Amino acid sequence: MCKERREEATSNDLKYGDFMETMINEVEKEDDTVNEERSVELILSLLIASYETTSTMTAITVKFIAENPKVLMELKLNYVEQREHQTILQNRVDKESGVTWKEYKSMMSFTHMVINESLRLGSLSPAMFRKAVSNVVIKGYKIPAGWIVLVIPSLLHYDPQIYEQPCEFNPWRWQGKELLSGPKTFMAFGGGARLCAGAEFARLQMAIYLHHLVTTSDFSLIEKSDIIRAPLLRFSNPIRISISKNL
Ligand code: HEM
C-alpha cells in the first residue's frame, strides 16, 4: 500500500487524510530520518500496539466482570448507593450525546478501578527492554552502563507483598488510590519516558465500551475461557457474550 500510495502521490495535498499519507509525506522530505522501511514498520507496530492491546484488554475485562457478579452490580450500583452508569445517563444534559470527558474523568470511579484491576491481572505486556545509560546500583546489584535490562511487570503485579491475594480480581483494592496514573508498582502501560503513548486513549475506549455494555444490556459469557500465557496473553476460547436482556 505504501508503495502504491507513494507512486500516486504527486503533491503534498492530502487526498486520504490518514496516518499513512502523513507518514509518506514525511518520507518524501529529503532531510527526514524516516525512510520507507521504517515507516512500514511503524504502521505495523502501531496496529499491534493500539488494536490488539485494547481489544484483548477489553475482552479480558468483560470476562472478569461476567465472572464476578458483585463487580457487575457495583458498576451499575456504586458504593454511594447510586448506579454509577445510570447516574451518568440521568445527569446527561444532551441525551443524544455519547460519553463526555467530564463523565469519564469524574463520574466513573468504580469503572476506573475495574479497568486498573483488569490491566494489573491481565498484565498484557510480558516484558519491556531498557538500556542502562550509566552504571546503576539497585539493592546492591550493579548494572553496568550499556547493559540491557528486561523489565517484567507481572513480577510486581502478582507480588503478594504489594497486591494482597494477587490472583483475585478485586477492583476494590484500588479504592482511594490515584487511579489514572497509578502507583510505581503498576506498570501495565510501562513507565518513564517510554510510557505507552496510547494509555489514556486505551483507558477511554475501555470505559466507553463498559458504559455501553452495562447500560444497554444484561449479559453472560457463552462459554468458559481460560487465560493462556505463551508468553503473550490469549484465551482458550474466544470471549463471547450472550445478551439476555436489552435494558
Ligand atoms: C490496554 C491497552 C494497551 C496496553 C496494555 C499497552 C501497553 C503498552 C506497554 C507496556 C508499552 C511499553 C511501554 C514501556 O516500554 O515503558 C506500550 C508502548 C506503546 N504503546 Fe501501548 N498499550 C495499550 C494501548 C495502546 C494504544 C491504544 C496505542 C495507540 C493508539 C498505543 C501505542 C503505544 C506506543 C506508540 C508505544 C511506544 C511508546 C514508546 O516507545 O515511546 N498503546 N504500550
Side-chain angles (χ1 to χ4, degrees), residues 17-23 26 33-34 37-65 71 75 98-99 101 104-105 108 111-133 136 138 143 147-159 162-163 166 169 171 174 178-213 225 227-235 238-239:
D18 60 9
F19 180 70
M20 190 182 283
E21 192 166 49
T22 309
M23 186 77 93
E26 287 299 312
T33 50
V34 184
E37 197 185 347
R38 179 78 188 115
S39 71
V40 170
E41 256 174 45
L42 269 175
I43 289 170
L44 280 179
S45 50
L46 261 184
L47 270 180
I48 295 165
S50 61
Y51 172 74
E52 289 295 334
T53 51
T54 315
S55 52
T56 307
M57 283 318 303
T58 306
I60 209 171
T61 308
V62 170
K63 169 184 154 66
F64 289 145
I65 295 173
V71 172
L75 273 174
V99 173
W101 188 242
Y104 168 72
K105 284 297 232 193
M108 293 194 186
T111 310
H112 294 309
M113 287 157 61
V114 169
I115 291 173
N116 272 19
E117 185 65 348
S118 303
L119 288 165
R120 178 193 71 81
L121 207 48
S123 276
L124 188 68
S125 169
M128 292 168 282
F129 291 103
R130 288 294 189 273
K131 187 175 177 178
V133 288
V136 191
I138 298 176
I143 303 170
W147 274 35
I148 303 292
V149 179
L150 188 70
V151 182
I152 302 182
S154 54
L155 286 180
L156 286 173
H157 295 165
Y158 301 150
D159 183 344
I162 305 171
Y163 297 99
F169 180 71
W174 294 94
E178 209 300 304
L179 292 171
L180 293 181
S181 54
K184 284 220 167 89
T185 50
F186 179 64
M187 293 194 72
F189 290 111
R194 304 305 297 264
L195 180 83
C196 170
E200 187 73 32
F201 180 55
R203 283 178 179 282
L204 180 65
Q205 277 186 300
M206 290 169 71
I208 292 173
Y209 179 84
L210 293 181
H211 172 75
H212 288 292
L213 185 65
S225 182
I227 294 171
I228 298 170
R229 294 178 193 276
L232 294 180
L233 183 101
R234 54 191 180 86
F235 305 109
I239 307 293

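Everything numeric here is computed off the predicted structure, so don't read it as measured data. Both counts, for ligands and for their atoms, begin at 1 and track the order of listing. No hydrogens, no waters, no symmetry mates; every other heavy atom, side chains included, goes into these values.
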Just which atoms of ligand 1 are under 4.0 Å from any heavy atom in [X]?
X      : value
Ala202 : 1 (C), 2 (C), 24 (C)
Met57  : 1 (C)
Ala188 : 5 (C), 7 (C), 10 (C)
Ser125 : 10 (C)
Thr54  : 2 (C), 24 (C), 27 (C)

Under 3.5 Å, N or O to N or O, is Thr53 touching ligand 1 that way? no
Counting both backbone and side chain atoms, is some N or O of Ala49 under 3.5 Å from an N or O of ligand 1? yes
From CG (Leu124) to CG (Leu119), nearest 0.5 Å: 8.5 Å
With a 4.5 Å heavy-atom cut-off, do Thr185 and Asp159 have their side chains touching? no
State, with a plain yes or no, whether a side-chain heavy atom of Met108 is found less than 4.5 Å away from one of Val99. yes
In terms of side-chain geometry, is the basic nitrogen of Arg203 or Glu200 positioned less than 4.0 Å from the acidic oxygen of its partner? no
Option with minimal heavy-atom separation from atom 26 (C) of ligand 1, where the choices are Ala193, Gly191, Ser50: Ser50
Check the orientation of Phe186 and His157. Use parallel for under 30°, tilted for 30 to 60°, and perpendicular for over 60°. tilted
